[in-house]
Student: 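For reference, the structure I am asking about is given below.
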Amino acid sequence: MTLHVLYFARLRERFGLAEESLDFAGATAADLVAHLQTRGGAWAEELAAGRVFRVAVNQDIVALDARLPDCAEVAIFPPVTGG
Amino acid sequence: MTLHVLYFARLRERFGLAEESLDFAGATAADLVAHLQTRGGAWAEELAAGRVFRVAVNQDIVALDARLPDCAEVAIFPPVTGG
Amino acid sequence: MRKILVGAEAFDLGVEVDAMRRGRTDIGAIASFVGLARDLNEGSGVAAMTLEHYPGMTEKALTALVGEACSRWSLLDVTVIHRVGRLLPGDPIVLVAVASQHRGEAFAACEFIMDALKTRAPFWKKEETPDGERWVEARASDDAAAARWERT
Amino acid sequence: MRKILVGAEAFDLGVEVDAMRRGRTDIGAIASFVGLARDLNEGSGVAAMTLEHYPGMTEKALTALVGEACSRWSLLDVTVIHRVGRLLPGDPIVLVAVASQHRGEAFAACEFIMDALKTRAPFWKKEETPDGERWVEARASDDAAAARWERT
């Protein structure tokens, strides 16, 4: 499936990337995270087990076992700190 | 002792009196209330046992058994309804 | 920095809150409240209301409850303004604004001051309704709201 | 009547609250909150901060949490404004104003919206300190504040 993936705040800076389109063979948010970890470097570090980050699918925050619909907009970002 | 007594809101209207100076022989706020009840009419009615009113001595709300200092400013009024 | 005002004049929330924060960079949170005269109360239309108070005791009571708020929470500034006299539906009656470093304290202190004011400050409302004038009765819900803040 | 706005522009609390009450006589209570940029956080001086957000999801998240507030409390109007971009100490960041017939609901909904916004709306703060730039870390106290509103 094709995904549009967005990164925000510290993750955007550490990955050096705000957004990308991905052809992706997995099924869930956890699969996507595992795939991104294989890129190594900041990807492996920031998305490692035990690191705290959030995943939103089509602009709703989801749990890591959420299934990804085709053409989904997926965003990965640190816990929010607004207000 | 001499007291300066003030009445507010519904009590002021029913007594037809906003303030008065009183020579008073009693000791407590309850004594003053009993004395005022003897005036009969609205006084007896509004200050009867079971009616809800407040007494302030020198601008602090007190319980009925509070002793009255000489020259005290005593106010009798309905429960407050500001804000 | 506390400002306590009782009078007939209208107030402006924006002006009061701007005055609190002007020239300061240590305030993180300002919680505020405005109470307004409604056109309906206890099922009757209200054409106007008149607020009576006990001059002297009013300021003393407000000062005491603001002081209590300042001793319970870490506050940077407090403003309380309460109008008296005749007011029309839609008119602001009371303003409470509380500045603090953090929002939890600002919210708690602002609500505490309003709840305490409702039961401890000597104001009385008289409403003009189609059936004539009537004094507003104290509400049990206001006593309950104030009692929430009592510490054991 | 709900107004939700995310942008770089400054806002004016007085203007927003006046807009809520203008021409109405049914509002009894307006609780409002303004969050401001402070010059100190976590022990470091803060010269400025930059707020980043997730355009689209921000508005969706704010709309959802305002809708949740409207379903939990009887509200007459709600305004939420959140700024993004670079802000200086003393600058207002966020405004929440809630109009209701009664103060208890206005206070509760206003505080709920702020607590929910802190944990559910995609904003991130980056501070400029003497030691360089740093992203603000999420605070456990914000999670705790939001959890207070969870219904069992």
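Throughout, a chain's letter reflects where its sequence line sits, starting with A, and its residues are numbered from 1.
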Student: Between these two chains, chain D and chain A, I want each donor-acceptor atom pair under 3.5 angstrom written on its own line with its distance.
Tutor:
| unit_1 | atom_1 | unit_2 | atom_2 | d |
| --- | --- | --- | --- | --- |
| D/E52 | OE1 | A/R12 | NH2 | 2.4 |
| D/E52 | OE2 | A/A9 | N | 2.7 |
| D/E52 | OE2 | A/R12 | NE | 3.1 |
| D/Y54 | OH | A/E73 | OE2 | 2.4 |
| D/M57 | N | A/Q59 | OE1 | 3.2 |
| D/K60 | NZ | A/N58 | O | 2.9 |
| D/K60 | NZ | A/D60 | OD2 | 3.3 |
| D/H82 | NE2 | A/G83 | N | 2.8 |
| D/K118 | NZ | A/G82 | O | 3.3 |
| D/K118 | NZ | A/G83 | O | 3.1 |
| D/F123 | O | A/T81 | N | 2.7 |
| D/F123 | O | A/G82 | N | 3.3 |
| D/W124 | NE1 | A/P78 | O | 2.9 |
| D/K125 | N | A/T81 | OG1 | 3.0 |
| D/K126 | NZ | A/E13 | OE1 | 3.4 |
| D/K126 | NZ | A/E13 | OE2 | 2.1 |
| D/W135 | NE1 | A/E13 | OE1 | 2.9 |

Student: Tell me the closest heavy-atom pair linking A/V80 and D/A138, and the distance in Å.
Tutor: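 Closest approach of A/V80 to D/A138: O-CB, 4.0 Å.
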Student: Go through the steps to decide whether A/F8 and D/M57 satisfy the test side-chain contact (heavy atoms from CB on, under 4.5 Å), and finish with yes or no.
Tutor: CA-CA 12 Å; A/F8 288 98; D/M57 177 170 168; over 6 Å; no
Student: Tell me, for A/A9 versus chain D, whether the close heavy atoms (under 4.5 Å) come from the side chain, the backbone, both or neither.
Tutor: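 For A/A9, backbone and side chain are both near chain D.
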